[in-house]
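One structure is given below, encoded as structure tokens.
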Amino acid sequence: MMIRPAIIIVDMLNDFITGKLEVKRAKNIISPLQRLVVAAHKNEVPVIFGNDAHYPQDIEVTQKWGQHAIKGTHGAEVIPELTPDPTRDYIVEKHTYSAFYETGLDPLLRDLYRGEGAKTVILGGLHTHICVRHTAADAFFRGYHIIVASDGVEAFTAQNHEQGLEYLENVYGAKILTINKIIEDIVKSNTS
């Protein structure tokens with residue numbers, strides 16, 4: 001059973017879906033993530049978007065991936081299909097791979113559920129082997145239970161994706177579940 005879950009959707013941004021660093025495989029996870037967000041809202045599970053919002057001098061921009069998801073640009077916005085609800089969803093801007101690193105994510109998670117704090121993080125988004133992996137690492141180091149949506153995360157290639165899932169399970173003890181199973185568990189947790 002999930003204990004006080006929170007959903008973290010990583011980098012479902014225009015630049016990764018249709019823009020400068022397009023991941024064609026990412027289109028496969030849009031509909032499942034939409035279902036997850038709807039179920040979360042119905043069951044009062046917090047939804048947090050961990051989004052790249054780079055400055056031009058960030059190391060990811062200058063040394064690795066080039067110009068992408070620059071803060072304030074269309075490319076750094078969440079795709080229209082998953083637009084956050086400003087009345088209930090949270091947005092955490094990140095400048096590196098992890099949604100925890102030098103952001104307010106951990107204090108936010110600890111303040112949820114009327115100060116009792118989230119205990120389980122459910123990860124979806126991009127990229128299984130990069131930003132999802134680094135976010136999972138920081139969640140693990142902080143003692144959160146980790147669930148990864150197998151059909152709600154994606155990467156540049158099938159190999160990147162599969163190796164990413166295997167790593168998350170083996171190294172961080174992440175439970176790898178389908179979105180349908182996660183939704184079922186969320187509903188169960190909410191009714192018990």
Side-chain angles (χ1 to χ4, degrees), residues 1-13 29 32-33 35-53 78 82 84-85 88-155 160-192:
M1 182 194 292
M2 290 183 207
I3 302 169
R4 298 195 300 272
I7 293 167
I8 303 172
I9 297 178
V10 180
D11 286 340
M12 288 300 289
L13 308 177
I29 64 173
L33 288 174
R35 289 196 329 273
L36 181 61
V37 169
V38 167
H41 288 165
K42 282 183 185 171
N43 291 280
E44 298 183 23
V45 171
V47 177
I48 302 161
F49 290 82
N51 299 337
D52 273 358
V78 175
L82 290 169
D85 179 339
R88 62 169 79 179
D89 297 334
Y90 303 90
I91 295 176
V92 173
E93 293 184 345
K94 63 189 188 69
H95 303 287
T96 64
Y97 299 139
S98 173
F100 282 92
Y101 184 75
E102 294 184 355
T103 72
L105 179 56
D106 191 45
L108 169 60
L109 289 168
R110 295 191 188 284
D111 196 46
L112 294 173
Y113 294 99
R114 293 181 256 335
E116 290 185 48
K119 290 289 183 195
T120 304
V121 294
I122 300 165
L123 300 176
L126 299 171
H127 295 89
T128 314
H129 66 307
I130 305 173
C131 294
V132 172
R133 174 176 168 167
H134 287 279
T135 299
D138 281 342
F140 175 78
F141 299 145
R142 288 164 176 79
Y144 293 100
H145 301 285
I146 303 165
I147 296 172
V148 177
S150 59
D151 54 343
V153 293
E154 200 43 272
N160 291 156
H161 173 67
E162 292 303 324
Q163 288 176 341
L165 289 176
E166 184 179 335
Y167 187 93
L168 292 164
E169 186 174 34
N170 291 338
V171 178
Y172 303 127
K175 287 185 180 176
I176 311 299
L177 302 175
T178 66
I179 284 184
N180 286 342
K181 176 63 174 149
I182 292 168
I183 291 170
E184 180 184 309
D185 289 352
I186 285 172
V187 172
K188 258 191 237 173
S189 294
N190 198 37
T191 57
S192 56

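Please read all numbers here as calculations on a predicted model, not as lab measurements. One-based numbering along the sequence shown.
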If I take atom [atom1] from residue [X] and atom [atom2] from residue [Y], how far apart are they, to the nearest 0.5 angstrom?
X	Y	atom1	atom2	answer
Ile182	Lys175	CD1	NZ	11.0 Å
Ile130	Tyr97	CD1	OH	6.0 Å
Met2	His145	CE	NE2	11.5 Å
Asn51	Leu13	CG	CG	4.5 Å

Taking [X] for its side chain and [Y] for its backbone only, find out whether a donor-acceptor pair lies under 3.5 Å.
X	Y	result
Asp151	Thr178	no
Thr120	Ile3	yes
Arg4	Tyr113	no
His127	Glu154	no

Item to check | Test side-chain contact (heavy atoms from CB on, under 4.5 Å) applied to Ile186 and Ile7, step by step | outcome: CA-CA 11 Å; Ile186 285 172; Ile7 293 167; 4.3 Å; yes
Where do [X] and [Y] come nearest, in terms of heavy atoms and distance?
X	Y	answer
Ser150	Ile176	CB-CG2, 3.6 Å
Ala174	Val148	CB-CG2, 4.0 Å
Leu33	Gly152	CD2-O, 3.6 Å
Val132	Gly124	CG2-O, 4.4 Å
Tyr144	Ala118	CE2-O, 3.3 Å

Which donor-acceptor pairs under 3.5 Å do side chains of residues 135-143 form with protein atoms, sequence neighbours excluded?
unit_1	atom_1	unit_2	atom_2	d
Thr135	OG1	Ala99	N	3.0
Thr135	OG1	Cys131	O	2.8
Asp138	OD2	Ser98	OG	2.6
Arg142	NH1	Asp138	O	3.0

Checklist entry - Which pairs, with at least one residue in residues 162-173 and sequence neighbours excluded, count as a side-chain hydrogen bond (donor to acceptor under 3.5 Å, both in side chains)? => result Arg133-Tyr167
Next on the checklist: Against Val47, only a single residue in Asp89, Leu36, Ile91, Ile122 fulfils side-chain contact (heavy atoms from CB on, under 4.5 Å); can you say which?
Outcome noted: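 Running side-chain contact (heavy atoms from CB on, under 4.5 Å) over Asp89, Leu36, Ile91, Ile122 with Val47 returns exactly one hit, Asp89.
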Checklist entry - Can you name the one residue among Val37, Asn43, Val45, Val38 that meets side-chain contact (heavy atoms from CB on, under 4.5 Å) with His41? => result Val37
Checklist entry - Any side-chain heavy-atom pair from Leu105 and Ile8 closer than 4.5 angstrom? => result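 A side-chain contact exists here, since the closest heavy-atom pair is under 4.5 Å.
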Item to check | Close side-chain approach of Leu109 and Phe100, heavy atoms under 4.5 Å | outcome: yes
Checklist entry - Does the pair Ile29 and Ile179 meet the rule for a side-chain contact (heavy atoms from CB on, under 4.5 Å), with working shown? => result CA-CA 10 Å; Ile29 64 173; Ile179 284 184; over 6 Å; no
Next on the checklist: side-chain contact (heavy atoms from CB on, under 4.5 Å) for Lys94 and Asp52? Distances and angles first, verdict last.
Outcome noted: CA-CA 5 Å; Lys94 63 189 188 69; Asp52 273 358; 2.6 Å; yes
Checklist entry - Given the rule in the side-chain contact (heavy atoms from CB on, under 4.5 Å) test, do Leu126 and Val10 qualify, once you have shown the distances and angles that lead to the verdict? => result CA-CA 6 Å; Leu126 299 171; Val10 180; 5.9 Å; no
